[in-house]
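The figures that follow rest on heavy atoms only: side chains count, while hydrogens, waters and symmetry mates do not.
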Amino acid sequence: MNTEIAQKSKESLERKLLALKREFQHFKYHLPGAVVEVRLDIENPKVLFINRIAEFVLGFKQQDVEEGLSFWHMVASEKESKRILQLSIEYFGESIFQEKPYDRVKKQELFELHLQRKNGDKFMAEAQTSVRMDENRIPHTIVVVLRDITKRKILERDRENLIEELQEANRIIQLLQNDMELCESCHRIKAGEDLWQTPEEYLRMNTTGDLSLSLCPDCQSD
């Protein structure tokens, strides 16, 4: 009996340990304050600094920075790189290309970026930026504070899907609650002034779900 109790206790501890490891992994990749400092250079946006949290989130190390890590290596795709580049030009282009003093003309925003870790895993990040300027107020580096929002985006997507399913279910309920005219001979449903449809056609026209055919238990037993 004692052996059985000990075994159950061990299994319980192993489950708790596994749960703790999963929680730690989640914590590691969702820590706030992953800071990346990047040189404002269109051709080579070199990463100048990453903090320890950014090392956890992105997988890159200080050695990568010392070896000339480009910010583009942190971006998930060429398309996303072009989008980020366009945003940079929109916000800082006049100062960088024409060497005009930087004057924030837009409200500071939170940007959503599609990034990747050193191992190639893609994730969604929320980014807040600030700039470092020289004595002439010309920006030379940008400081980006990143937060992994992948889980939040998944939850948002699931929520949107659920809302759509609920809306569709409500629409079907309302449809079935409406008065319908049924042919007593062929059992087609009146769908319009001169339009009569089979129940299958009627459902296909008025619902977004797929209609498949099968046999009910009574018909299967015949």
Side-chain angles (χ1 to χ4, degrees), residues 15-38 45 47 50-61 64 69-92 106-130 142-178 200-214:
R15 287 195 297 271
K16 290 179 180 179
L17 180 60
L18 181 59
L20 187 62
K21 287 181 178 179
R22 288 172 177 168
E23 184 177 352
F24 173 75
Q25 290 296 320
H26 181 270
F27 176 74
K28 184 171 71 172
Y29 288 120
H30 292 80
L31 282 170
V35 178
V36 180
E37 186 173 353
V38 184
V47 176
I50 57 174
N51 69 352
R52 290 298 300 276
I53 299 174
E55 291 184 0
F56 275 127
V57 172
L58 294 161
F60 294 98
K61 304 297 182 183
D64 297 308
L69 176 65
S70 171
F71 177 71
W72 297 135
H73 291 152
M74 298 179 175
V75 182
S77 65
E78 184 177 349
K79 180 180 179 181
E80 184 69 351
S81 296
K82 290 179 180 179
R83 188 179 76 88
I84 294 173
L85 180 60
Q86 186 57 45
L87 283 172
S88 301
I89 293 173
E90 183 180 338
Y91 275 78
F92 313 115
K106 293 188 176 183
K107 181 181 178 182
Q108 188 171 16
E109 300 178 47
L110 289 173
F111 300 99
E112 291 187 0
L113 308 178
H114 193 197
L115 303 181
Q116 67 180 0
R117 311 187 206 281
K118 186 177 181 178
N119 64 7
D121 288 346
K122 308 291 191 295
F123 71 102
M124 289 300 299
E126 188 175 69
Q128 188 171 12
T129 64
S130 60
I142 181 171
V143 178
V144 187
V145 181
L146 299 170
R147 189 163 62 91
D148 188 332
I149 60 169
T150 304
K151 186 174 181 180
R152 191 188 81 188
K153 299 300 290 183
I154 292 173
L155 292 174
E156 288 176 355
R157 184 191 63 197
D158 291 345
R159 177 178 175 273
E160 290 172 357
N161 290 339
L162 179 58
I163 290 174
E164 289 180 2
E165 290 177 10
L166 289 173
Q167 289 174 338
E168 175 63 13
N170 187 56
R171 197 173 73 83
I172 293 174
I173 290 171
Q174 291 178 340
L175 175 67
L176 296 176
Q177 287 177 339
N178 292 335
E200 292 86 354
E201 291 171 336
Y202 186 81
L203 287 173
R204 286 196 182 99
M205 290 292 295
N206 290 280
T207 63
T208 58
D210 293 329
L211 181 65
S212 59
L213 299 177
S214 62

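When all heavy atoms of Val75 and Ser81 are compared, the pair lying nearest together is CG1-OG, 3.4 Å. Of all heavy-atom pairs spanning Ala125 and Leu115, the tightest one is CB-CD1, 3.8 Å.
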Would you sort out whether Leu69 and Met74 count as a side-chain contact (heavy atoms from CB on, under 4.5 Å), showing the intermediate values? CA-CA 9 Å; Leu69 176 65; Met74 298 179 175; 3.5 Å; yes
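To the nearest 0.5 angstrom, Gln128 atom CD is 10.0 Å from Arg147 atom CZ. Rounded to the nearest 0.5 Å, atoms CG (Leu113) and CG (Leu87) are 8.0 Å apart. How far CD1 of Ile142 is from CZ of Phe71: 8.0 Å, rounded to the nearest 0.5 Å. Atom CG of residue Asp148 and atom CZ of residue Phe56 lie 14.5 Å apart, to the nearest 0.5 angstrom.
Using modelled atom types, one side-chain atom of Arg117 and one backbone atom of Val57 make a donor-acceptor pair closer than 3.5 Å.
Applying the side-chain contact (heavy atoms from CB on, under 4.5 Å) test to Asn51 and every residue at least two apart in sequence or in another chain returns Val35, Phe49, Ile53, Ala54. With sequence neighbours excluded, no residue satisfies side-chain hydrogen bond (donor to acceptor under 3.5 Å, both in side chains) with Lys61. Under the rule for a salt bridge (Lys or Arg N to Asp or Glu O under 4.0 Å), Lys122 has no partner lying at least two apart in sequence or in another chain. The salt bridge (Lys or Arg N to Asp or Glu O under 4.0 Å) check on Glu160 picks up nothing, with sequence neighbours excluded. Not counting sequence neighbours, the partners of Lys153 by the side-chain contact (heavy atoms from CB on, under 4.5 Å) test are Glu112, Met124, Ile149, Glu156. Residues forming a salt bridge (Lys or Arg N to Asp or Glu O under 4.0 Å) with Glu80 (at least two apart in sequence, or on another chain): Arg83.
Using a 4.5 Å heavy-atom cutoff, the side chains of Val144 and Phe111 are not in contact. Here the side chains of Asp64 and Ile50 are not in contact, with every heavy-atom distance at 4.5 Å or above.
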